[in-house]
Amino acid sequence: MEKMKRTATCGELSARDEGRDVILNGWVHRNRDHGGVHFINLRDRYGITQVVFDDTCDPDLKERAASLKMEYCVAVRGTVSKRPDSMINKDMATGEIEIAAKELVILTTCETLPFMIDGDSEANETLRLKYRYLDLRREKMQKHIALRHKVSFAVREHFEGLGFYDIETPTLIKSTPEGARDFLVPARMQPGKFFALPQSPQLYKQILMVSGFDKYFQIAHCYRDEDLRGDRQFEFTQVDFEMSFVSKEDIFKVVEDQMVHVFKKTLNKDIVPTFPRITYHDAMNTYGSDKPDLRIGMEFIDFAPLVPKADFGVFKAALESGGTVKAMVVPGAAPEYSRKKISELEETAKTYGAKGLAWMKVTADGLDGGIAKFFAPLTEEVKSLTGAKENDLILFMASDWKTACTSLGAVRSRLGKDLKLADPEDYRFAWVYDFPLFEWNEDEEKWDPAHHMFSMPQYEYLDSMEENPGEVKGDLYDLVINGYELASGSIRIHDPEIQKRIFSIVGFPEEEAEERFGFLLEAFRYGAPPHGGLAYGLDRLVMLMCGEDSLKEVIAFPRNNTGSNPMDDSPAPVDKIQLDELGIQFIPRETEEK
RNA sequence: GGAGGCGUAGCGAAGCUGGUUAUCGCGCCGGCCUGUCAAGCCGGAGAUCGCGGGUUCGAUCCCCGUCGCUUCCGCCA
């Protein structure tokens, strides 16, 4: 076998190599037996090369070639030969040449495949995950995994250039309340006690700041025990960093430069190095989302000024109860959007709590359809306020501010997809900032941290934050791109006194704070530097760069949405012996009677 | 926890308003073929129509239930 070890890969050979005797190792990608002459496309990570078996081969070799099936793993020795002009395959990177086979070793055979590696249609997801090793052989997945590697490398390269240290933090840590549910790991040596898997390296990286490692980064595995989605997995990868003696401007700069570097190095794409900044309120108010897709346009218009002039009760009622009326113009959509299609949009709005979706169309004669009749006398005013032109569709949402914004925002993103308003090659980053630090929890009638409890209130609220917590803005920020939240970060609290006040506002008992993260508070008493940082989702970034909308397409071994992995069948029951050793007893969940 | 969608050979799909032998493409098996490159041609095997129940003379199709997957809401940075 040793003598059939590869001397070239399937992606590298060209006319320059003519006459070379090479050994290729790879998989039979396609198999075309013409009787007299037999071609195989041999594939490895680097590409595909055609191998020819013809009359110049000895009969024994030809016979062995005839037995090849798809995805056999083989070694081929042969001579690189230039194809005659008429047989050059321009669609193939190595299409100028082929290998005239001299020797063939079948390294391993392959059973009938559960799905085609080279198919034009994809198998269903469960099957793809069950046979992930085969799925990963597909060209698309090979490209995704390669890009992911390149991104991850470019990230490290960039941090290294800036003098950051890569420091690992533990993944068996103390469970902390708030935020997402923790994955728990029983501690065998201390029965009744548990570790948690980290949701982020947050506390540890802050402590590293106290230790003086003023520029830290880590490409960290994080865990959250919450329901999965297309863009959410149990375990995921965060590019996490933290710096001391910085303001948010320094952090923005690191991230902006890093994105420029990463996109240049991996996709050879030039990203505009300064990202626009939008306040949380403006993002919600004009795009109906705290992660707006800026490629779409269609900004919301405040329609309140015209409401009192018309006799439309629904809008009036919304304003009278302190709500808002928002309008959104969908350019050129009037002819295409039938009553039925509009009611589909309405359904989208309703899943976000809207009661309905009002609309009208702009025609050559004025306003038409939907609620047009109520505004007919105001045609010109409607047009000038909204900027709508002939053939435009105008959508209206009347509700309390938040519901109006989020539901119309959902309609906006759906229209963006339906009308293909977003250029998939365009990457539009933006910073969203000025988030409220606290939000009111209706159910428990208390203030909750909107982000986490370690974010610094903005300076001007410091003295009076107890008076009106709802008004307090935090020194925290999100990085959004094309409708996805990619990152979030903040300047952290490094003053134990401020930290105590935050705990007290959100009703987090001091003893519990001491119990949960006393170690952090204690660390802060020993000369804690001001610091801040950010973490962004590596999976998410790569997903967007690949033009995918599911993380599963860029993670080698992901889980399905029920949290199982069809390949290894995890999670799975464990032996009673294992449980006994841990002092754990499984109590079946009581079946609820109806 | 809630809403929508899907489940038909190994894979991807079709199957009209319920009707007798459930189609098509890929793959698989056999044969032919000296220039293909998603090779081609001929032949063949392969399906408890997710599962259970109901309506009906008759169900892949209609109804109820159930399981699995999926998208979304809730939840989650």
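Protein chains get the first letters and strands the later ones, always in sequence-line order, with residue 1 at the start of each.
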query: How is A:G230 classified with respect to the nucleic acid when contacts are heavy atoms under 4.0 Å: base, sugar-phosphate, or nothing?
result: sugar-phosphate

message: Can you measure A:R414 atom CZ to B:G4 atom P for me and round it to whole angstrom units?
response: 16 Å

- request: Anything under 30° is parallel, anything over 60° is perpendicular, the rest tilted; go ahead and classify A:Y133 against A:Y131.
  value: perpendicular

- prompt: When rounded to the nearest Å, what value does the distance between P atoms of B:U8 and B:A47 take?
  reply: 14 Å

message: Let's see if you can work this out: which of B:C73, B:C37, B:G35 has an atom nearest to the side-chain heavy atoms of A:F39?
response: B:G35

- prompt: Out of B:C75, B:A77, B:G27, which has the shortest distance to the side chain of A:R30?
  reply: B:G27

field: Counter-base of B:U48, judged by Watson-Crick or G-U geometry with both distances under 3.5 Å
entry: none

field: Listed partners of A:E139 passing salt bridge (Lys or Arg N to Asp or Glu O under 4.0 Å), at least two apart
entry: A:K143

query: For A:K291, does the NZ atom sit with more than 12 other heavy atoms under 6.0 Å from it, leaving out its own atoms?
result: no

statement: Winner on side-chain proximity to A:M87, out of B:C76, B:C37, B:C73, is B:C37

message: Nearest whole Å is fine: how far is B:A77 C1' from A:L228 CG?
response: 15 Å

statement: Ranking B:U36, B:G1, B:C28 by distance to the side chain of A:D227, first place goes to B:G1

Tabulate protein N/O versus nucleotide N/O from nucleotides 5-13 of chain B, keeping only pairs under 3.5 Å, one per line.
from: B:G10; atom 1: O2'; to: A:P114; atom 2: O; distance (Å): 3.0
from: B:C11; atom 1: O4'; to: A:P114; atom 2: O; distance (Å): 3.1
from: B:G12; atom 1: OP1; to: A:N124; atom 2: N; distance (Å): 2.9
from: B:G12; atom 1: OP1; to: A:N124; atom 2: ND2; distance (Å): 3.3

message: Without decimals, in angstroms, what is the distance between A:Q50 CD and B:C37 P?
response: 10 Å

task: Can you tell me, in whole Å, how much space there is between the P of B:U17 and that of B:U55?
output: 24 Å

query: What's the closest nucleotide to the A:E226 side chain, out of B:C37, B:C76, B:U70?
result: B:C76

Review item, nucleotides 30-32 of chain B N/O atoms under 3.5 Å of protein N/O:
none

Acceptor/donor pairs from residues 480-488 of chain A side chains to any protein atom, 3.5 angstrom cut, sequence neighbours excluded:
from: A:N482; atom 1: OD1; to: A:R428; atom 2: N; distance (Å): 2.9
from: A:N482; atom 1: ND2; to: A:D426; atom 2: O; distance (Å): 2.9

message: Does A:K291 reach a base, just sugar-phosphate, or nothing at all? Heavy atoms under 4.0 Å.
response: nothing

message: Given B:C76, B:C69, B:C37, identify the nucleotide with an atom nearest to the side chain of A:T562.
response: B:C69

statement: Partner of B:G19 under the Watson-Crick or G-U wobble criteria, both distances under 3.5 Å, comes out as B:C57

task: Establish, with yes or no, whether the OP1 or OP2 oxygen of B:C73 is under 4.0 angstrom from a side-chain nitrogen or oxygen of A:R229.
output: yes

- prompt: Across the strands shown, which category fits A:N560 at heavy-atom distances under 4.0 angstrom: base, sugar-phosphate, nothing?
  reply: sugar-phosphate

task: May I ask you to say what A:A410 touches in the nucleic acid, namely base, sugar-phosphate or nothing, with a heavy-atom cut-off under 4.0 Å?
output: nothing

Between B:G18 and B:A13 - C1' atom distance, rounded Å: 22 Å

query: Are A:Y433 and A:Y477 an aromatic pair by the rule of ring centers under 6.0 Å?
result: no

statement: Among the nucleotides B:U36, B:G74, B:A38, whichever has the atom closest to the side chain of A:N89 is B:A38

field: Spacing between A:I88 atom CD1 and B:U36 atom C1', to the nearest angstrom
entry: 15 Å

List the atom pairs, with distances to 0.1 Å, where a side-chain N or O of residues 31-41 of chain A and a protein N or O form a donor-acceptor pair under 3.5 Å, not counting sequence neighbours.
from: A:N31; atom 1: OD1; to: A:H38; atom 2: NE2; distance (Å): 2.6
from: A:N31; atom 1: ND2; to: A:L68; atom 2: O; distance (Å): 2.6
from: A:R32; atom 1: NH2; to: A:N41; atom 2: OD1; distance (Å): 3.1
from: A:R32; atom 1: NH2; to: A:Q50; atom 2: OE1; distance (Å): 2.9
from: A:D33; atom 1: OD1; to: A:G35; atom 2: N; distance (Å): 2.9

field: All ring-ring contact (aromatic ring centres under 6.0 Å, His included) counterparts of A:F217, not counting sequence neighbours
entry: A:F159

task: Could you label the plane-to-plane angle of the A:Y223 and A:F183 rings as parallel, tilted or perpendicular, counting under 30° as parallel and over 60° as perpendicular?
output: perpendicular

query: Phosphate oxygens OP1/OP2 of B:A39: is one of them under 4.0 Å from a side-chain N or O of A:R32?
result: yes

query: Is the number of heavy atoms from other residues, nucleotides or ligands within 6.0 Å of CG (A:D85) greater than 12?
result: no

- request: Please measure how far the C1' atom in B:C51 lies from the corresponding atom in B:U60, and state the result in whole Å.
  value: 14 Å

message: Between B:G53 and B:A45, how far apart are the two P atoms, rounded to whole Å?
response: 32 Å

- request: Step through it carefully: locate the ring centre of A:W431, locate the ring centre of A:F252, and say whether they are under 6.0 Å apart.
  value: yes

- request: Find the distance A:I117:CD1 to B:C26:P and express it as a whole number of Å.
  value: 18 Å

- request: Determine which nucleotide pairs with B:G7, using a 3.5 Å limit on both distances of a Watson-Crick or G-U wobble pair.
  value: B:C67

statement: Atom CG of A:D231 and atom P of B:U70 are separated, to the nearest Å, by 14 Å

task: Please tell me which of A:F236 and A:T351 maps to the more 5' nucleotide of RNA chain B, matching each residue to the nucleotide holding its nearest heavy atom.
output: A:T351

- request: Taking atom types as modelled, find out whether A:D182 and A:S175 have a side-chain donor-acceptor pair closer than 3.5 angstrom.
  value: yes

field: For atom CG of A:D448 and atom P of B:C75, their distance in whole Å
entry: 11 Å

message: If the threshold is 4.0 Å, N to carboxylate O, is there a salt bridge linking A:R30 and A:D118?
response: yes

query: How about A:E346 and A:S343: does a side-chain donor come under 3.5 Å of a side-chain acceptor?
result: no

- prompt: Would one find a side-chain N or O of A:T126 under 4.0 angstrom from OP1 or OP2 of B:U70?
  reply: no

query: Can you tell me how far C1' of B:C76 sits from CG of A:L486, to the nearest Å?
result: 16 Å

query: Using centres under 5.5 Å plus planes under 30 degrees as the test, is A:H34 stacked with B:G35?
result: no

- prompt: With rounding to whole Å, what would you report as the distance between B:C75 and B:A14 at their C1' atoms?
  reply: 39 Å

task: With P as the reference atom in both, quote the distance from B:G19 to B:G4 in angstrom, rounded to an integer.
output: 27 Å

message: Heavy atoms only, 4.0 Å cut-off, all strands: where does A:Q233 land among base, sugar-phosphate and nothing?
response: nothing

field: B:G30 and B:G7, which share atom name P, separated by this distance in whole Å
entry: 34 Å

message: Taking 4.0 Å as the cut-off, does a side-chain nitrogen or oxygen of A:Q199 come that near to OP1 or OP2 on B:A77?
response: yes

- prompt: Could one point to a donor on the side chain of A:R224 or the base of B:C75 with an acceptor on the other under 3.5 Å away?
  reply: no

